[in-house]
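All remarks here apply to the structure that follows.
What you see is a predicted model, and the numbers here were worked out from it, not measured in a lab.
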Protein chains: 2
Amino acid sequence: MTVRQPLPPDLFEELCPSSLVPFRFGDKWSALVIRCLEDGPRRFSELRVPLPRVTPKVLTQTLRGLERSGLVSRTAHADPASGVEYALTPLGRSLLEPMQVVYGWVAEHWEELLDAQERYDAPPLRSPA
Amino acid sequence: MTVRQPLPPDLFEELCPSSLVPFRFGDKWSALVIRCLEDGPRRFSELRVPLPRVTPKVLTQTLRGLERSGLVSRTAHADPASGVEYALTPLGRSLLEPMQVVYGWVAEHWEELLDAQERYDAPPLRSPA
DNA sequence: CAGAATCCTAAAAGATACTG
DNA sequence: CAGTATCTTTTAGGATTCTG
């Protein structure tokens, strides 16, 4: 079966208006790529779907970085049609939990973060006579 | 008493060779600044000690960003000698735990991360005949 | 399909000097 | 003391085109 969990059309839009969130994981895309691999190995082209804003070059960069850190493995199958598969290593998988904690915190405090920014950006009103 | 927990001379050196760690919190310094405020309010000049590599300009920027997100508060006391104090807000404080989880993960997997990078960077040896 | 190569822009960071 | 103002560098990221 080629039936896997479908990936959303734009994960960035959905998860990470990063102008708002005061932190990401290091670079712009690594965390998102990791999440895309949560449900199992994905091919390069599969990853491009939920990350339409990432150019192939940047996606490659990101994957290389994750590979270098031992979080993601890259396997080019003998069968050419299977393409190249990226998957989380055990190490990468072990990172899911800490990440979830952070995402949980963001979800929980989303409103507060928004409010704080609005207050900060608001025109400083002085003595409303 | 002005006796507070002393701050280390270079937190960046100590904690975050960020070339290694595949993630930081958004920008280069925010996470570190937050950690510096863990034990209580600090003045601008106090923060400069554990972060000697941060220029005043960048430190200001970082603090403004944290303030904007509602994580840090800035209070200029009436008493000029007390200077300006930065402190974690409750929101900022609530972030400590998630951060600790991530740092814990890094600490726990430090060796693996290092090894992975060394392997990746190593000259690709082929059939050592 | 899975990228590599090239070029370009924008944003973050840093150095340095100066000010209320 | 707590910044601000400039200027320059660095780096990430993106657009586009091309290739094994």
So, does A:Lys28 get its side chain near the phosphate of D:dG14, meaning an N or O under 4.0 Å from OP1 or OP2?
yes
Atom CD in A:Glu97, atom CG in A:Leu95: separation rounded to 0.5 Å?
10.5 Å
If each end axis of the helix from C:dC1-D:dG20 to C:dG20-D:dC1 is fitted on five C1' pair positions, the angle between them, to 10 degrees, is 60°
Got a list of side-chain donor-acceptor pairs under 3.5 Å for residues 56-65 of chain A, not counting sequence neighbours?
| residue | atom | partner | partner atom | Å |
| --- | --- | --- | --- | --- |
| A:Thr60 | OG1 | A:Pro56 | O | 2.8 |
| A:Thr62 | OG1 | A:Val58 | O | 2.8 |
| A:Arg64 | NH1 | A:Tyr86 | OH | 3.4 |

How many whole angstroms separate atom CZ of B:Arg53 from atom P of D:dT10?
16 Å
How many Å lie between CG on B:Leu32 and P on C:dA13, as a whole number?
12 Å
D:dG14 P sits how many Å from A:Asp27 CG, rounded?
10 Å
Annotated protein contacts, base or backbone, on nucleotides 1-8 of chain C with a non-hydrogen cut-off under 4.0 Å, one of B, S, - each
-SBSBB--
Is there a continuous path of hydrophobic side-chain contacts, each under 4.5 Å between heavy atoms, that joins B:Val72 to B:Val84?
yes
Separation of atom CD in B:Gln61 from atom C1' in C:dA13, rounded to whole Å
8 Å
Within this structure, what is the CG-to-C1' distance between A:Leu59 and D:dA12, rounded to whole angstrom?
15 Å
If you round to the nearest 0.5 Å, how far is CD of A:Glu112 from CD of A:Gln117?
12.5 Å
If you round to the nearest 0.5 Å, how far is CZ of B:Arg93 from CD1 of B:Ile34?
11.0 Å
Inter-residue atom distance B:Thr89.OG1 - B:Arg74.CZ, 0.5 Å rounding:
15.5 Å
Mind listing the closest non-hydrogen atom pair of A:Tyr120 and B:Glu67 along with its distance?
CE1-CD, 3.9 Å
B:Leu91 CG to A:Leu113 CG distance, which is reported to the nearest 0.5 Å:
5.5 Å
